Every structure is written in structure tokens, then in C-alpha cells.
2 protein chains.
Amino acid sequence: MPPPSEPDPTAVGRRVRALREARGISLSALARLAQVGKATLSGLENGTRNPTLETLYAITAQLGVPLTAVLFEPGAEPTVRGAAVNAILLEVFNDSDATYELYRMRIAPGTDQLSPAHQAGVTEHVTVFAGVLRAGPADAPLTAAAGDHLRWASDVPHVYAAVGDEEVAATLLLRYPRKP
Amino acid sequence: MPPPSEPDPTAVGRRVRALREARGISLSALARLAQVGKATLSGLENGTRNPTLETLYAITAQLGVPLTAVLFEPGAEPTVRGAAVNAILLEVFNDSDATYELYRMRIAPGTDQLSPAHQAGVTEHVTVFAGVLRAGPADAPLTAAAGDHLRWASDVPHVYAAVGDEEVAATLLLRYPRKP
DNA sequence: TACTGCTGTTCCGTAAACGGAACGATCGAG
DNA sequence: CTCGATCGTTCCGTTTACGGAACAGCAGTA
């Protein structure tokens with residue numbers, strides 16, 4: 001999977017300031033309520049500091065919003081994006097002999113996406129709900145239409161691409177077998 | 001709104017460790033890939049450090065998961081909870097003369113919930129989709145069934161409660177007028 | 001056995017995030 | 001105008017998160 005969208009420190013500061021001003025409370029007051037220094041909050045809002053998880057939580061808690069409200073653009077789901085693939089992590093199952101990660105993914109038509117190889121033993125399982133997907137090992141990709149299911153060993157570079165001009169909707173199950 | 005669910009530092013560490021071990025890579029290797037010290041990662045996984053947003057992001061980026069995957073229990077939506085009310089922030093609009101926060105909320109039957117007063121000028125607008133809601137100023141609450149809409153000034157303590165034994169589904173729009 | 005390479009933890013000096021105090025600016029009251 | 005209060009920023013000493021090195025423990029090899 002490609003790297004997640006970055007939480008820009010200056011954008012985080014801007015969102016904190018916007019939420020604070022919306023509530024009509026001063027920087028000094030919020031710092032007092034959240035029990036952090038005014039210098040800390042000032043630096044955070046101006047993007048000149050690299051806040052600790054603890055301080056950021058203390059502030060968002062006082063603003064009455066979840067941490068995600070300042071980390072990302074509100075409404076934006078916690079997404080893992082690439083050029084063509086847009087996936088969001090739904091669940092993680094920690095079984096006794098493997099870990100499973102369940103993603104809901106959408107693949108835009110027109111562009112391919114190459115993912116690097118995973119650890120040996122890791123497998124990917126895709127179920128297509130809409131569109132036509134071409135995915136699998138880079139040297140031998142498979143094709144699946146709505147309702148179809150694909151699986152491949154992902155210890156080699158693999159690709160994702162939408163066939164035709166319809167966006168592909170699918171679920172991706174990543175299976176990481178436990179090391180013995 | 002009540003405080004969000006807390007991101008327990010030890011739980012964050014446990015989730016990072018679980019994700020790392022699922023991928024079958026060592027602590028040393030992940031530290032090298034993420035360009036952080038081994039001591040940093042070790043302390044983070046064991047919950048003895050209070051990580052910076054920057055370091056936490058560098059690590060989750062290498063694991064290929066969004067920040068939220070380690071902050072909260074996977075699958076748990078970024079929710080703002082209280083005894084009876086379960087709300088998730090959907091959107092924030094920064095208009096020229098006001099800020100709007102849109103929540104989707106569910107209210108469990110049986111228990112009431114009291115919210116403290118907001119800033120003067122703040123108004124709440126609730127649209128009920130299912131169930132019967134009793135909400136508004138603590139001294140004069142209003143009642144609304146599915147399809148109804150409520151509004152009140154929230155500069156006084158206010159309550160939320162489900163009437164009957166059906167769960168209430170509704171949207172809540174909080175309006176913070178801009179200071180002149 | 002000793003050696004090599006790796007694991008994860010601990011020690012330590014440095015860099016920086018922290019809270020508190022001091023600062024100039026702005027506002028309203030007298 | 002002066003006073004007092006509060007605003008947000010800046011300075012500063014303390015605390016602590018940081019990266020690198022040293023460490024013990026364990027596997028595989030000669």
C-alpha cells in the first residue's frame with residue numbers, strides 16, 4: 001500500500017485555530033482549559049512546533065472534537081492513497097496464526113498502480129463489487145468483473161488497474177501469516 | 001459535546017507492534033526504514049514515550065496504514081461519545097460569517113445526556129431521521145419525531161434523550177457565528 | 001569454542017517541546 | 001490620559017523525546 005496522506009503541521013495548526021475561533025474563546029483561555037502553556041498552543045497554531053500526541057489530544061478534547069478533526073481535512077476519511085488506488089482501512093483482525101487487514105478500495109480508471117513486494121507468505125484477496133479490475137503479480141495480472149474474487153501471493157511486485165472507464169469498487173483483504 | 005475517546009499511549013504502542021510483527025519485520029528494520037532511532041521505536045511500542053506527531057507519522061507511513069489505525073481501535077470511527085449520545089463529525093464549513101459543524105448522531109434509549117452551555121450566539125439544529133427525540137434547553141426541552149427539525153440557542157445547558165425504546169438517528173448542525 | 005550477525009533494550013548527549021514569566025499591543029472603564 | 005485586564009507573541013529555564021552507541025541475548029557457522 002502507498003503512503004497515507006500527510007498531516008501537514010501547518011494545516012493542523014490552522015484547523016486548531018479555526019476550531020478555537022469558531023468557539024469564540026481566546027488562545028489564552030484554551031491553553032488554560034487544556035492545561036498547556038500558552039507558548040505551546042501559540043507555536044502549535046502557527047506551525048512552529050511539532051506537537052506531542054499528548055498535548056494535541058489535550059487541546060482537541062477541550063475543543064470537543066476527535067483528534068482526526070485536526071489531523072486531516074474534516075470529512076476526509078482516513079485514506080491510504082496512491083495514483084490510482086484509494087483505500088480505507090476498515091478492520092484489523094489479530095488471529096492466532098495470522099493478521100488480516102480489511103480495506104475498502106476504489107480504483108480510478110485510466111491509470112495503473114504498482115505496489116512493491118510484501119513479505120513472503122503474504123496473500124491478497126480482492127472481491128470486486130463494481131467495474132472490471134485487472135490486478136495481481138506485475139508479470140501475470142488477473143482480470144475480475146463485479147462479483148468475482150481474486151487472490152495472489154504478494155511477495156512480488158503487483159499492480160492494480162481499472163479496465164474500461166468505470167471506477168472499480170472492491171474490498172481488499174491482506175493476510176499476514178504469523179512468523180513461527 | 002463530550003470529550004472524544006482517548007488514545008491510550010500504551011494501546012498505541014501495542015497496535016504499532018502488532019502491525020509491525022504482522023509484516024514480519026524487526027524493530028531494528030522498521031526504525032531504519034522510518035528513519036527514527038531504535039530507542040524511539042522501542043519506547044513507543046512499550047508505551048514509555050509520548051511520541052511526536054512527526055515520528056508517529058513516519059512510522060505509520062512505513063507500515064502503510066493511516067495514523068488513525070494506531071490512534072484508535074481499528075474500525076472504530078472517530079467518535080465523540082457521551083453517556084447516551086454517540087456522534088461523529090462529518091464536515092466543517094468555514095463560512096465568512098459563521099462556522100458550521102455537521103455531526104451524525106445516534107442516541108441510545110433509556111438515558112439522558114446533559115451538555116454544558118456554549119458561547120453566546122451558538123445555535124444547534126437537529127433533524128431527526130428515526131425515533132423520537134427530546135432535546136433542547138434543559139429547562140424547556142422540545143420533542144421531535146422522524147422528519148422533524150429542532151433548533152435552539154445553545155448558550156444554556158441543554159439535554160438530549162430518546163423518547164420510548166427506539167434508538168434515535170439524527171443529524172446535528174452546530175453553528176458558531178463569527179466574532180465581529 | 002569463538003565469531004558473526006542479528007534481535008530488542010538501555011544508556012547518554014543533544015535537540016526541541018514543554019510551562020511559566022515577561023513583553024508590547026489593544027481594549028474598556030474611570 | 002491612566003489604569004487594569006486581556007490579547008497573542010517571545011524569551012527562557014526545565015523537561016523530555018530524539019538518534020547513536022553500547023549492551024546482553026540468541027541463532028547459525030566454522
Side-chain angles (χ1 to χ4, degrees), chain A residues 6-63 67 70-71 99 119-121 176-180, chain B residues 6-63 67 70-71 99 119-121 176-180:
Chain A
E6 44 175 335
D8 181 6
T10 70
V12 170
R14 275 187 282 115
R15 281 188 280 268
V16 168
R17 175 158 291 178
L19 289 169
R20 173 177 66 78
E21 292 181 342
R23 282 153 183 74
I25 61 178
S26 66
L27 185 150
S28 313
L30 179 56
R32 186 167 0 98
L33 288 170
Q35 314 218 59
V36 304
K38 297 203 294 181
T40 302
L41 183 53
S42 175
L44 165 57
E45 288 193 355
N46 293 326
T48 62
R49 288 224 188 155
N50 177 227
T52 283
L53 199 56
E54 187 180 37
T55 58
L56 197 59
Y57 174 70
I59 291 164
T60 55
Q62 275 303 320
L63 292 171
L67 259 174
V70 299
L71 291 180
T99 299
Q119 196 74 9
Y176 298 93
R178 198 163 299 294
K179 298 280 109 175
Chain B
E6 44 174 335
D8 180 7
T10 71
V12 170
R14 275 187 280 117
R15 281 188 279 267
V16 168
R17 175 158 291 179
L19 288 169
R20 174 177 64 78
E21 293 183 341
R23 282 152 183 74
I25 63 177
S26 67
L27 186 150
S28 313
L30 179 56
R32 184 167 3 98
L33 288 170
Q35 314 218 58
V36 303
K38 298 201 295 180
T40 302
L41 183 53
S42 175
L44 165 57
E45 288 193 356
N46 293 325
T48 63
R49 287 226 189 151
N50 178 226
T52 284
L53 199 56
E54 188 180 37
T55 58
L56 197 58
Y57 173 71
I59 291 165
T60 55
Q62 275 303 320
L63 292 171
L67 260 175
V70 300
L71 292 180
T99 298
Q119 195 75 8
Y176 298 92
R178 199 162 298 292
K179 297 282 109 174

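In what follows, every heavy atom counts, from backbone to side chain, and hydrogens, waters and symmetry copies are set aside. Numbered from 1 within each chain, the chains take letters A, B, ... in sequence-line order. No experiment lies behind these values; they were computed from the predicted model shown.
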Sugar-phosphate, base or nothing in reach of Ser26(A), heavy atoms under 4.0 Å: sugar-phosphate
Contact under 4.0 Å: Arg20(A) side-chain N or O vs dC7(D) OP1/OP2: no
Among dG8(D), dG20(D), dT9(C), the one nearest Lys38(A) by side-chain distance: dG8(D)
Atom-pair distance (OH on Tyr57(A); P on dA17(C)), nearest Å: 22 Å
Nucleotide nearest Thr52(A) when distance is taken to its side chain, options dC18(C), dT9(C), dA22(C): dC18(C)
Spacing between Leu33(A) atom CG and dT6(D) atom C1', to the nearest angstrom: 15 Å
5' precedence on DNA chain C between Arg32(B) and Glu54(B) (nearest-nucleotide basis): Arg32(B)
Any Asn50(B) side-chain nitrogen or oxygen under 4.0 Å from OP1 or OP2 of dT16(D): no
Nearest-Å distance for atom pair CG/P, residues Leu56(A) and dA17(D): 15 Å
Thr40(A) side chain near dG19(C) phosphate (N/O to OP1/OP2, under 4.0 Å): yes
Side chain of Arg49(A) - closest among dG8(C), dA17(C), dG8(D): dA17(C)
Sugar-phosphate, base or nothing in reach of Gln35(B), heavy atoms under 4.0 Å: sugar-phosphate
OP1 or OP2 of dT9(D) under 4.0 Å from side-chain N/O of Ser42(A): yes
Side chain Ser42(A), main chain Lys38(A), donor-acceptor under 3.5 Å: no
Minimal non-hydrogen separation, Val16(A) against Leu63(A), with atom names: O-CD1, 4.3 Å
Phosphate OP1/OP2 of dT6(D) contacted by Ser28(A) side-chain N/O (<4.0 Å): no
Side chain of Thr55(B) (C-beta onward), nearest among dC18(D), dT10(D), dG8(C): dC18(D)
